[in-house]
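Just so we're on the same page: letters track the sequence lines, and every chain starts at 1.
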Protein chains: 2
Amino acid sequence: MDQLSRTFAALADPTRRDLVARLASGDASVAELAAPYAMSLQAVSKHLSVLERAGLVSKRREAQRRPVHLEAEVLAPVTDWLELYRRRAEDRYQRLDAVLAELAADEAYPQTAVFARPPRNNQPEGTNR
Amino acid sequence: MDQLSRTFAALADPTRRDLVARLASGDASVAELAAPYAMSLQAVSKHLSVLERAGLVSKRREAQRRPVHLEAEVLAPVTDWLELYRRRAEDRYQRLDAVLAELAADEAYPQTAVFARPPRNNQPEGTNR
DNA sequence: TAGGTAGTCAACCAGTTGGTTGATAACCCT
DNA sequence: AGGGTTATCAACCAACTGGTTGACTACCTA
């Protein structure tokens, strides 16, 4: 699985998002993190492993404790990806408005023209999971 | 499953992200979308259903075709969530720098003090899946 | 009206996920 | 040395995911 997929997948769980949210205001041990939830410590530990494999979190060692630290930088590529396509779709929308206005001014048959695009041929970054 | 989880989960797959990327530059039919991939039309149709349940995409009806349209607005809450915690962690990091500088100026034992936080007690938005 | 095209639905399968319990490791403190 | 904490590891389980194939529906067109 690629990095971006791992990050999105890691954040696709309410408990894990809550962990990230809490870690944003400071490091905490596994037991501290686990306390509020109605699930076993092991389950929380697993959630933290998922976050760790996604690079969202790191643990250092301090006696028996394993203080967890949020690595917030890795959120940046995710935001970038989202912004890229949000913006692109928005731009296209505005261009569409312009095109429609122009068509209306000319003579115009409806939106079918907008719809016929040259077939693209890009592969996804990696199709397997 | 909550909305945010559905959206993150929908984007946690390279094929689905590629679909979103391609749809950002214009609507397309299911067959058009499926063409580049080495998987069945049904598989792509399933991916589109996932995107649709997440609200990222809508289909209209046009003869036999089902042109798919990207609903880019729903990306906004995701970006918002990410930005909130990225920024919060960043702020804390800078505050930490300040604190450490001050401690160093005073006398200071290491970062253990930063570590002891009052135990929080918030539940995640919904723990079940 | 018959046939091709576009798409969905249903059943199935292997692998992953999110949780459980029990055992074990590593460390601090008497 | 022994006991209590903190955390991980391992085995297990039910539910979900991402893919397959086959059958079906809906529509256009000759």
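Counting only heavy atoms from C-beta on, B:A43 has its side chain closest to D:dT20 among D:dT6, D:dT20, C:dT8. Residue B:S40 places its side chain closer to D:dT21 than to any other of D:dA7, D:dT21, C:dG7. Closest to the side chain of A:H47, out of D:dA7, C:dT8, C:dG19, is C:dG19.
At least one side-chain nitrogen or oxygen of B:R16 sits closer than 4.0 Å to the OP1 or OP2 atom of D:dG18. Residue B:S45 places at least one side-chain N or O under 4.0 Å from the OP1 or OP2 atom of C:dT8.
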Pairs under 3.5 angstrom, nitrogen or oxygen only, protein versus nucleotides 27-30 of chain D, please.
residue, atom, partner, partner atom, Å
D:dC27, O2, B:Q64, NE2, 3.4

Would you tabulate the nitrogen or oxygen pairs shorter than 3.5 Å linking the protein to nucleotides 9-11 of chain C?
none

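Atom CZ in B:R65 sits about 17 Å away from atom C1' in C:dT8, given to the nearest Å. The interatomic distance linking A:R53 (CZ) with C:dG18 (C1') rounds to 12 Å, in whole Å. Between A:L48 atom CG and D:dA7 atom C1' the separation is 11 Å, expressed in whole Å. For the pair B:L41 CG and C:dT5 P, the interatomic distance rounds to 13 Å; values are reported in whole Å. Nucleotide D:dT17 holds its P atom 14 Å from the CG atom of B:L11, rounded to whole Å. Atom P of nucleotide D:dT17 and atom CZ of A:F8 are separated by 17 Å, given to the nearest angstrom. The OH-P distance, from B:Y37 to D:dG18, rounds to 14 Å in whole Å. Atom-to-atom, CE of A:M39 to P of C:dT17 comes out at 16 Å; the value is rounded to the nearest Å.
Applying the salt bridge (Lys or Arg N to Asp or Glu O under 4.0 Å) definition to pairs two or more places apart or across chains, none involves residues 34-44 of chain B.
Considering only residues two or more places apart in sequence or on other chains, A:E52 meets the side chain to side chain donor-acceptor pair (under 3.5 Å) condition with A:K59. Scanning for side-chain contact (heavy atoms from CB on, under 4.5 Å) contacts around A:E90 gives A:R86, with sequence neighbours left out. In this structure, the side-chain contact (heavy atoms from CB on, under 4.5 Å) partners of B:S58, at least two apart in sequence or on a different chain, are B:H69, B:E71. A search for side-chain contact (heavy atoms from CB on, under 4.5 Å) contacts involving A:Q3 returns A:R6, A:T7, not counting sequence neighbours. Judged as a side-chain contact (heavy atoms from CB on, under 4.5 Å), and not counting sequence neighbours, the contacts of B:A43 are B:M39, B:S40. Not counting sequence neighbours, B:R53 has no partner by the salt bridge (charged side-chain N to carboxylate O under 4.0 Å, His left out) test. Shown here are the side chain to side chain donor-acceptor pair (under 3.5 Å) partners of B:K46, two or more places apart in sequence or in another chain: there are none.
Note on the helix from C:dT1-D:dA30 to C:dT30-D:dA1: angle between the axes of the first and last five pairs equals 20°, rounded to 10 degrees.
Between the side chain of B:R16 and the backbone N or O of B:A9, at least one donor-acceptor pair lies under 3.5 Å.
A chain of hydrophobic side-chain contacts below 4.5 Å, direct or via other Ile, Leu, Val, Met, Phe, Trp or Tyr residues, connects A:V78 to A:V57.
The aromatic rings of A:W81 and A:F8 stand perpendicular to each other, their planes meeting at an angle above 60°, with 30° marking the opposite boundary.
The pair B:R17-A:D2 counts as a salt bridge, with a side-chain nitrogen and a carboxylate oxygen less than 4.0 angstrom apart.
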